[in-house]
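The basis for the numbers below is simple: all heavy atoms, side chains too, and nothing from hydrogens, waters or symmetry mates. Lettering of chains follows the sequences in order, A, B, ..., and the numbering in each one begins at 1.
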Amino acid sequence: MTQHHHDDRPADAPVKKPRHKKFQTQSYGERMAAQAEAAGPSTGEVRDDTARGERRGGPSQYSDRGVRGYANDRRDNRPVKGYRAAEPRTDRRPANRDDRPQYNRDERPQYNRDDRPQYNRDERPQYGDRARTDRGERNQYGDRPQNNRNDRNDRNDRPQYDRGDRPSFNRDERPQYDRTERPQYRRDDRPRFERDERPRVDRDERPRFDRDERPRYDRAGDRQSSYQRRDRDDRSSYQQNKRVEEPVDLGTVAADNQFAALGLAPRLVQRLARDGITSPFPIQTATIPDALAGKDVLGRGQTGSGKTLGFGLPTLTRLAGGKTESRRPRGMILVPTRELAMQVHDALEPLAHVMNVSLKLIAGGLPYPKQIESLRRGVDLLIATPGRLIDLCEQGAADLGAVEIAVLDEADHMCDMGFMPAVTTLLDMTPAEGQRLLFSATLDNDVDTIVKTYLKDPVQHSTESGQASVSTMEHHMLVIEPGHKQSLTAELASRDGRTIVFVRTKLGADRVATQLRDRGVMAAALHGGLTQGMRNRTLDQFKDGSVPVLVATDVAARGIHVDDVGLVVQADPPAEHKDYLHRAGRTARAGGKGAVVTLVLPHQRRGMMRMAESAGVKAEPVRARPGDELVTELTGGSKPSGYPVKLPAPKPQRFNKGGGKRFGSSRPGRGHDGRGGSGPRRSNGPRRTDGNRYEGGKSYQH
DNA sequence: AAAAAAC
């Protein structure tokens, strides 16, 4: 049956919203409004509530129509307001209902079903059968719909409907639809569905709850984004208040395991060791002991150096064993984007599990009910984006009064102008004596305000200089002509392997992604203007390889980890040096290799050089044109095909939140043939009809 | 200055 993607909807479920003034005197919205007012008169759009309200309140179209449209249906003779009363009719007797013979049902011959020969299915003429199409001749029922239809649109005359020419619609040739070849869909092959053979029926005796250990059927074929899965199995709340009595054997830990030496719980160390994580990164070695000791910590470690575990492990250790009341979580990790929240959640979940710490993702774009329910049952640790958490606090669904540990991931970003009010709102709700951990790759003086207000005797650990010190990363700065930007971007992105292209604006992301696809490079846009369902889908496709090029705004600049991103292209230069470092940090993670290419227009050159210096990036600006040797070197020589390609999944219908059927997340890489034309297609804007896609010279900067 | 973050 059709899958209903309830999850893609914005949570519109009825949510009662008693506003608890307990935590603050102003609501978040009021605060923001006040802030906006303080910032001066808005030059942007003005909400036109008045106009809308007037139209609604007055003689609306709806009520108007209710009277006019159905005036004839009125059973009484009261004059309709606004209409001239009809002249009394004299040409016939007033109808006496009972006397009207034609209303006797049984005598109406044409409704005798058995007399209608053409309802015999087998004998109905087929489409294209002209014998049936005597133009204009009515059948005995007085209608002739099929005649004209067939005359005009005889299917056999329409070449484009010839089934044989549409390979993609030929069911037999679509390999992925061959049921017998999809082992993961065969029930018999799924070992854990053999009821009789399941050794453990007693839930408490199940030796392990760990996700990773469970035999899996292949979920990749499941075509659900991680976001949808996440919402479906709400394991964290299910687990609530169940404490494992006996330690589970998680494997042995080597005597020289250095995590153990840091003072972490043995179970945690064992769990890490099972994933092959036995030696801590420098940032972890530096911060974990202090964090475990309950100190406030400022942690700075280069991108991809394991900061998540740096604050995650001590947080879990300290929360373990405690008791959490309903709606009163004891730990809170704030992150700047929803994707990052999901990533942190997923990274900590197995670890939280062995520690019997429950955790819940609290982020916008996801349905409210499960988040509220989870909080009601009591959840130890929240991983949250600020807006939704404030919302839930205002509703009374969450109470931060019991938060023992508050973590700010990407702390410097959380302290910039846009985020600061929300973050202080949340921190204000937490007890002043609670522990605070601030982490970022670029932890600088921007956090001073927060540090002074909310941290007590913080310990600062900087394992790196806060500059570009990832030695496995190479930087290139290409000074280009504006007219070459599109083709150079396409050349760079057409390489094998994953590439992220950063642009400045949401619109730019959409535009560049489209341009790349027009040139034959499979690319998808990621930015905050998309529905959350689409954001998840796009990131999933980037991760599974079906879309190797991600065109993103700075929503993806921080924290997001995808394996093997070999190249970061900055099609628009970053706004400041910290952004450079974070964008660049999407590649060369955890010791891997990677390159960063920044496209610089002549007028941006000076600023870019300054920025590079602040970032500690050593790169000489080099003039470059499409086809240059340097570009070829960076891309391994592959060129864009020039033939437009289409995304493997239907594009998001922004207005239709359902999402619909999705194909493609399991479709291999760039295998799409890229021909245009057939199939039901969403059109998301005007389709290009001009032939010169490439040499227009329109630059998408600016 | 844009993006992000609630509905």
Atom CD of A:Glu576 and atom C1' of B:dA4 are separated, to the nearest Å, by 14 Å
Looking at the side chain of A:His413, which of B:dA2, B:dA3, B:dA5 is the nearest nucleotide?
-> B:dA3
Please report, rounded to the nearest Å, how far the P atom of B:dA6 is from the CG atom of A:Leu334.
-> 11 Å
Applying salt bridge (charged side-chain N to carboxylate O under 4.0 Å, His left out) to A:Lys307 and not counting sequence neighbours gives none
Rounded interatomic separation in angstrom, taking CG from A:Leu530 and P from B:dA3 = 12 Å
Across all chains, not counting sequence neighbours, the side chain to side chain donor-acceptor pair (under 3.5 Å) partners of A:Arg558 are A:Glu410, A:Asp412, A:His582
Go through B:dA6, B:dA4, B:dA2 for me and flag the one nearest to the A:Val555 side chain.
-> B:dA4
Please state whether the phosphate of B:dA4, meaning OP1 or OP2, lies under 4.0 angstrom from any side-chain nitrogen or oxygen of A:Thr553.
-> yes
In whole angstroms, the gap separating P of B:dA5 from CG of A:Leu426 amounts to 15 Å
Compute whether any side-chain donor of one residue and acceptor of the other, for A:Gln460 and A:Arg300, lie under 3.5 angstrom apart.
-> no
Within the structure shown, what part of the strands sits under 4.0 Å from A:Arg558 by heavy-atom distance: base, sugar-phosphate, or nothing?
-> nothing
Do A:Asp296 and A:Arg436 meet the salt-bridge criterion of a basic N to acidic O distance under 4.0 Å?
-> no
Establish, with yes or no, whether the OP1 or OP2 oxygen of B:dA3 is under 4.0 angstrom from a side-chain nitrogen or oxygen of A:Arg338.
-> no
Describe the nucleic acid contact of A:Ala575 in one word from base, sugar-phosphate, nothing, applying a heavy-atom distance below 4.0 Å.
-> base
Integer-rounded Å distance: B:dA4 P and A:Met414 CE = 15 Å
State whether A:Thr385 places a side-chain N or O below 4.0 Å from either non-bridging phosphate oxygen (OP1 or OP2) of B:dA6.
-> yes
With a 3.5 Å cut-off and no angle check, do the side chains of A:Ser326 and A:Arg376 form a donor-acceptor pair?
-> no
How close or far is atom C1' of B:dA4 from atom CZ of A:Arg583, stated in whole angstroms?
-> 14 Å
In whole angstrom, give the distance that lies between atom CD1 of A:Ile372 and atom C1' of B:dA6.
-> 12 Å
Which of the following nucleotides, B:dA3, B:dA5, B:dA6, is nearest to the side chain of A:Lys506?
-> B:dA3
Between B:dA3, B:dA6, B:dA5, which one does the side chain of A:Asp391 approach most closely?
-> B:dA6
Rounded interatomic separation in angstrom, taking CG from A:Asp579 and P from B:dA2 = 14 Å
